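It should be emphasised that the depicted structure is a prediction, and the values quoted were computed from it without experimental measurement. What's counted below: heavy atoms across the whole structure, side chains too, no hydrogens, waters or symmetry copies. Each chain gets a letter, A, B and so on, in the order its sequence line appears, and its residues count up from 1.
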Amino acid sequence: MTSTVFPRHVRLLTAGDYRRVFDQADAKAQSKQILILARRNELGFARLGLVVAKKHAKRAVDRNEIKRIVRESFRHHQFELENFDCVVLSRVGAKDLDKSELRHMVDQLWTRLRQKPYGNRSRQKPRKQ
RNA sequence: GGAGAUAGUCGAGCAACCGCUGCUAGCUACUUGUAGUUAGGGGAGGAAAGUCCGGGCUCCACAGGGCAGGGUGCCAGGUAACGCCUGGGUAGCGUGAGCUAACGGCCAGUGCAGCAGAGAGUAUACCGCCGAUGGUUCUCUUCGGAGUUCACAGGUAAGGGUGAAAGGGUGCGGUAAGAGCGCACCGCGCGACUGGUAACAGUUCGUGGCACGGUAAACCCCACUCGGAGCAAGACCAAAUAGGCUCCCUAAUGGCGUGGCCCACGUCGGGAGCGGGUAGGUCGCUUGAGCCUUAGAGUGAUUUAAGGCCUAGAUGAAUGGUUGCGCCUGUUUACAGGUUACAGAACCCGGCUUACAGACCAAUCUCUACUU
């Protein structure tokens with residue numbers, strides 16, 4: 001199944017969803033301008049959340065553009081991502097990339113995310129009770 | 001033809017496919033108001049921006065009055081209202097069409113003014129001009145004095161100089177020299193008259209020798225005006241956990257916990273209901289001081305009437321991507337790049353301000369060159 005739909009339930013919607021990923025990320029992929037954190041869920045499909053700080057892209061137009069590109073990329077790659085909850089964060093300089101560069105970079109980051117999860121390291125940490 | 005002035009419109013085409021998000025209709029599930037699915041149709045701006053004003057709306061406060069504080073400030077009109085707009089006045093700029101203006105009051109009070117300059121606000125005397133008087137200056141003399149020069153009481157505001165600004169201007173008279181000291185003209189103040197709703201204007205009349213200097217985005221005075229907070233307003237539904245209230249059961253010779261049991265120690269139980277309320281959700285949420293057309297009123301802003309139209313409503317936040325055609329730019333006849341500027345709705349309107357690639361258009365007006 002390689003559908004490219006992007007309905008509502010594949011997005012992270014609440015503050016709780018985001019906090020779960022930030023508290024303990026099972027996988028991570030990053031470039032100079034983009035950081036992706038991910039954690040496995042029990043739903044059986046991948047979900048996406050976006051954080052584009054005003055600090056990194058001052059104009060609303062720039063922020064919208066970054067979000068759209070990442071979302072479009074996720075839409076095409078979501079079934080390679082199994083059951084990861086992904087949060088994509090912008091970094092300084094993300095708005096200075098042109099559209100095709102950014103798209104290409106995000107496409108690559110999904111692959112890297114799948115290849116090198118560092119779950120072992122985080123699992124060794126004692127869970128807070 | 002050239003150079004300008006004013007006002008307005010648009011701000012991005014077409015098609016296919018893949019998505020997102022409301023709406024409408026149908027179908028399928030079940031937990032009966034949600035989810036899924038199919039079809040149709042809608043989906044960023046002229047500034048959506050800055051958040052600088054004004055209003056609607058919501059909640060809170062509020063008998064009435066005063067003080068404090070803020071805002072506005074030529075006049076009239078428009079408007080729901082405004083700090084906005086229109087028309088007019090005045091002043092300044094421009095040959096002109098036109099443009100610009102926080103444009104009430106310093107003859108209520110208080111204050112301020114660097115440097116320069118002699119003097120800066122009931123003025124001043126540096127150079128200068130004049131000069132009573134005095135002289136062992138000098139010259140002339142009709143021997144009375146006259147002139148000259150030096151000193152000096154004093155007078156003066158012509159000229160020079162300083163300054164952003166020196167206390168009306170020009171001319172004539174006048175004078176020792178001067179001076180509104182006097183007069184004429186210009187200007188100014190005050191009063192009347194005329195025109196105008198008014199601001200204000202006047203080749204009008206009278207009157208006053210005549211400053212009343214600047215600064216109020218200095219305090220201040222005067223007039224008008226202003227309650228506060230905002231859609232994260234506010235209304236409703238409502239898990240988990242903790243706590244509250246009411247009722248019922250149990251009754252300290254008790255229950256529960258530690259423990260095999262006793263002692264001991266610690267603690268006060270169980271159930272039901274109710275309301276507040278967090279996460280989360282629903283509403284508020286788009287039909288409105290709305291838009292378009294025509295006709296009427298008005299110089300105009302605007303307004304009246306009739307007819308027609310429904311035009312985003314997201315909420316970890318949609319409005320996007322790919323391809324082709326077309327278009328633009330550069331090399332050059334096939335490629336490459338671009339399809340863009342400023343910029344992204346967040347309760348809604350009216351303005352203002354700021355940003356902006358490019359395109360269109362209208363008409364009218366001004367100046368100027370040339371031809372006929």
Side-chain angles (χ1 to χ4, degrees):
Chain A
M1 181 172 169
T2 53
S3 163
T4 53
V5 293
F6 185 61
R8 197 169 169 71
H9 63 260
V10 306
R11 291 183 226 165
L12 300 183
L13 292 175
T14 63
D17 292 338
Y18 278 83
R19 203 172 304 118
R20 213 179 75 86
V21 176
F22 286 131
D23 283 352
Q24 195 193 355
D26 293 334
K28 185 169 123 181
Q30 60 181 313
S31 70
K32 202 172 174 186
Q33 293 86 1
I34 295 289
L35 168 67
I36 303 177
L37 297 174
R39 177 172 177 177
R40 292 184 184 276
N41 61 36
E42 280 85 49
L43 297 167
F45 51 83
R47 298 193 295 175
L48 175 70
L50 291 162
V51 178
V52 181
K54 217 171 187 177
K55 198 172 162 189
H56 300 147
K58 207 174 172 195
R59 296 187 307 166
V61 181
D62 295 333
R63 291 197 297 277
N64 281 350
E65 196 175 278
I66 293 169
K67 287 181 192 173
R68 279 173 189 151
I69 290 167
V70 173
R71 211 180 282 128
E72 186 67 16
S73 176
F74 177 84
R75 191 163 74 82
H76 286 100
H77 291 83
Q78 55 183 311
F79 290 96
E80 303 166 14
L81 291 168
E82 303 164 1
N83 61 342
F84 277 117
D85 279 349
C86 305
V87 175
V88 179
L89 296 101
S90 69
R91 290 180 158 178
V92 184
K95 66 166 175 134
D96 299 322
L97 291 171
D98 66 50
K99 292 180 191 174
S100 53
E101 279 175 9
L102 184 61
R103 175 68 193 272
H104 191 63
M105 177 193 293
V106 178
D107 285 350
Q108 288 183 323
L109 285 173
W110 297 128
T111 328
R112 263 201 272 166
L113 185 72
R114 214 152 39 98
Q115 286 167 352
K116 25 179 243 177
Y118 61 91
N120 296 343
R121 212 191 312 164
S122 60
R123 250 173 237 135
Q124 283 166 357
K125 283 188 204 164
R127 292 289 302 265
K128 284 178 267 179
Q129 293 294 339

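Base orientation for B/rG308: anti, the chi torsion being more than 90° from 0. With a glycosidic angle no more than 90° from 0, B/rA44 adopts the syn conformation. Taking syn as a glycosidic angle within 90° of 0, B/rU253 does not qualify and is anti. In textbook terms, a nucleotide whose glycosidic angle is within 90° of 0 is syn, while B/rG288, being further out, is anti.
As rounded to whole Å, 7 Å separates atom C1' of B/rA317 from atom NZ of A/K67. Across the protein-nucleic acid pair, A/D85 atom CG and B/rG316 atom P stand 16 Å apart, rounded to whole Å.
Listed by first and then second residue, the salt bridge (charged side-chain N to carboxylate O under 4.0 Å, His left out) pairs involving residues 84-94 of chain A are A/R20-A/D85, A/R47-A/D85 (not counting sequence neighbours).
Residue-to-nucleotide contacts include no donor-acceptor pair under 3.5 Å from the side chain of A/R71 to the base of B/rG321.
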* Passes side-chain contact (heavy atoms from CB on, under 4.5 Å), A/L35 versus A/K28? Steps please. -> CA-CA 8 Å; A/L35 168 67; A/K28 185 169 123 181; 4.0 Å; yes

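Note that CE of A/M105 and CD of A/Q108 are 8.0 Å apart. Values are rounded to the nearest 0.5 Å.
When the side-chain nitrogen and oxygen atoms of A/R68 are compared with OP1 and OP2 of B/rA318, none of them lie within a distance under 4.0 Å.
The two residues A/D107 and A/S73 make their nearest non-hydrogen contact at OD1-OG, 2.6 Å.
When the nearest nucleotides of RNA chain B are assigned to A/E65 and A/V87 by heavy-atom distance, the more 5′-ward of the two goes with A/V87.
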